[in-house]
Structures are given as structure tokens and as C-alpha cells.
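The residues of the chain are indexed from 1 along the displayed sequence.
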Amino acid sequence: MSQSKDTLLDNNDKIIKCIADLKSQRKELEFLIGNQQEEQTTLQTEMERINLRLGVIGKSHARRVATRDNYDSAIKNAEDSYQEIVTLSGRLLQSIVAEEYVGVERSDVDK
């Protein structure tokens, strides 16, 4: 009976050690789970911040592109108007020169 008592005590010690090991492993796993939850929360917060910033930058970018397009349009209109002025000035100059030439010829004829 002594031998079965020793075997029983030995098995009891083994079971208690296994339970203690399982509890230790569970505690370690709980620690890892806590770390992962903390990291996940941190990353989600960072993603929200980045998404918010991305939205702000996107709106700013769209406004700047629209402003640039307005500049392009204004520059093109100014260049077109200036070119028209240059063309009309050239025609006016030609007309004045032609009138002076005709006036010079008439004065030569009148003499």
C-alpha cells in the first residue's frame, strides 16, 4: 500500500505541476493578448489620424489644382487678348502707314 501511496502522491505532484505550468502559460498568453490589443488600439488610432490628415490634404490638393486651373485660364485669356492687341496694332500701323503714303502721293500730285 505504501507503494501505491507513493505513486498516488507522485502523480498528484505531477498533476499539480502540470496545472501550475498551464496557469503560467495562460498568464504569459494573457500578457501577449494584452500587448496585441494595445498595439491594435494604437494602430487604429494612428490610422484614423492618418485618414483624417489624408482627407485634409486631399481637399487642399483639390483646391490648389482648381486654383492652378483658374490661373491657367486667366493666363491663356490674357495671352490671347494680348495677341489680339498686337495683331490689331499691326493692322492699325499698316493702315496709318498706308494713309501717310497715300497722303504723300496726293501731295506730290497736287504740286
Side-chain angles (χ1 to χ4, degrees):
M1 179 127 162
S2 176
Q3 186 179 10
S4 74
K5 184 179 177 185
D6 288 340
T7 305
L8 186 58
L9 287 175
D10 188 44
N11 286 340
N12 188 42
D13 288 342
K14 288 179 183 179
I15 291 172
I16 290 173
K17 185 180 180 319
C18 283
I19 290 173
D21 288 346
L22 289 173
K23 285 182 178 181
S24 174
Q25 289 174 2
R26 185 191 182 284
K27 187 176 180 181
E28 184 179 326
L29 185 60
E30 187 68 30
F31 176 76
L32 293 174
I33 290 171
N35 284 347
Q36 283 182 331
Q37 285 175 334
E38 187 177 310
E39 184 179 7
Q40 183 179 5
T41 301
T42 300
L43 290 173
Q44 285 175 335
T45 302
E46 189 174 334
M47 278 179 50
E48 290 171 5
R49 183 186 60 78
I50 289 171
N51 284 331
L52 180 63
R53 181 73 179 133
L54 185 60
V56 168
I57 289 172
K59 288 178 184 177
S60 174
H61 176 73
R63 283 192 307 270
R64 287 181 177 172
V65 166
T67 300
R68 181 200 61 198
D69 292 346
N70 286 340
Y71 274 111
D72 289 346
S73 178
I75 289 168
K76 183 176 180 343
N77 287 339
E79 287 174 341
D80 290 348
S81 296
Y82 178 73
Q83 186 59 44
E84 189 174 332
I85 290 170
V86 168
T87 302
L88 291 175
S89 295
R91 287 181 189 164
L92 179 59
L93 180 61
Q94 288 174 352
S95 176
I96 291 171
V97 168
E99 285 293 322
E100 287 178 358
Y101 182 72
V102 170
V104 169
E105 284 184 355
R106 284 186 187 163
S107 66
D108 286 344
V109 172
D110 291 341
K111 289 183 185 182

Distance col, row Leu54:CG vs Arg49:CZ, nearest 0.5 angstrom, shows 11.5 Å
Taking Ser24 for its side chain and Ala20 for its backbone only, find out whether a donor-acceptor pair lies under 3.5 Å. no
Rounded to the nearest 0.5 Å, the OG1 atom of Thr7 sits from the NZ atom of Lys14 at a distance of 9.0 Å
Straight-line distance of Leu22 CG to Leu29 CG, nearest 0.5 Å: 11.5 Å
CA sep, side-chain torsions, deciding dist, call: Glu84, Leu88, side-chain contact (heavy atoms from CB on, under 4.5 Å): CA-CA 6 Å; Glu84 189 174 332; Leu88 291 175; 4.1 Å; yes
What distance do Tyr71 atom OH and Arg68 atom CZ have between them, rounded to the nearest 0.5 Å? 12.5 Å
Nearest 0.5 Å please: distance from the CD atom of Gln3 over to the CG atom of Leu8. 12.5 Å
Mind running side-chain contact (heavy atoms from CB on, under 4.5 Å) on Asp10 and Asp6 for me, showing each step along the way? CA-CA 6 Å; Asp10 188 44; Asp6 288 340; over 6 Å; no
Asp72/Lys76 salt bridge by N-O under 4.0 Å criterion: no
Can a donor-acceptor pair be found, under 3.5 Å and without considering hydrogens, that links the side chain of Thr42 to the backbone of Glu38? yes
side-chain hydrogen bond (donor to acceptor under 3.5 Å, both in side chains) partner of Asp21, chosen from Lys23, Lys17, Gln25: Lys17
Dump the intermediate steps for side-chain contact (heavy atoms from CB on, under 4.5 Å) on Thr87 and Arg91, then the final yes or no. CA-CA 6 Å; Thr87 302; Arg91 287 181 189 164; 4.0 Å; yes
May I ask you to decide if Met47's main-chain N or O and Asn51's side chain share a donor-acceptor pair within less than 3.5 Å? yes
Gln44, CD atom: more than 12 neighbouring heavy atoms under 6.0 Å: yes
Just verifying a value: how many Å separate Gln40 CD and Leu43 CG, rounded to the nearest 0.5 Å? 8.0 Å
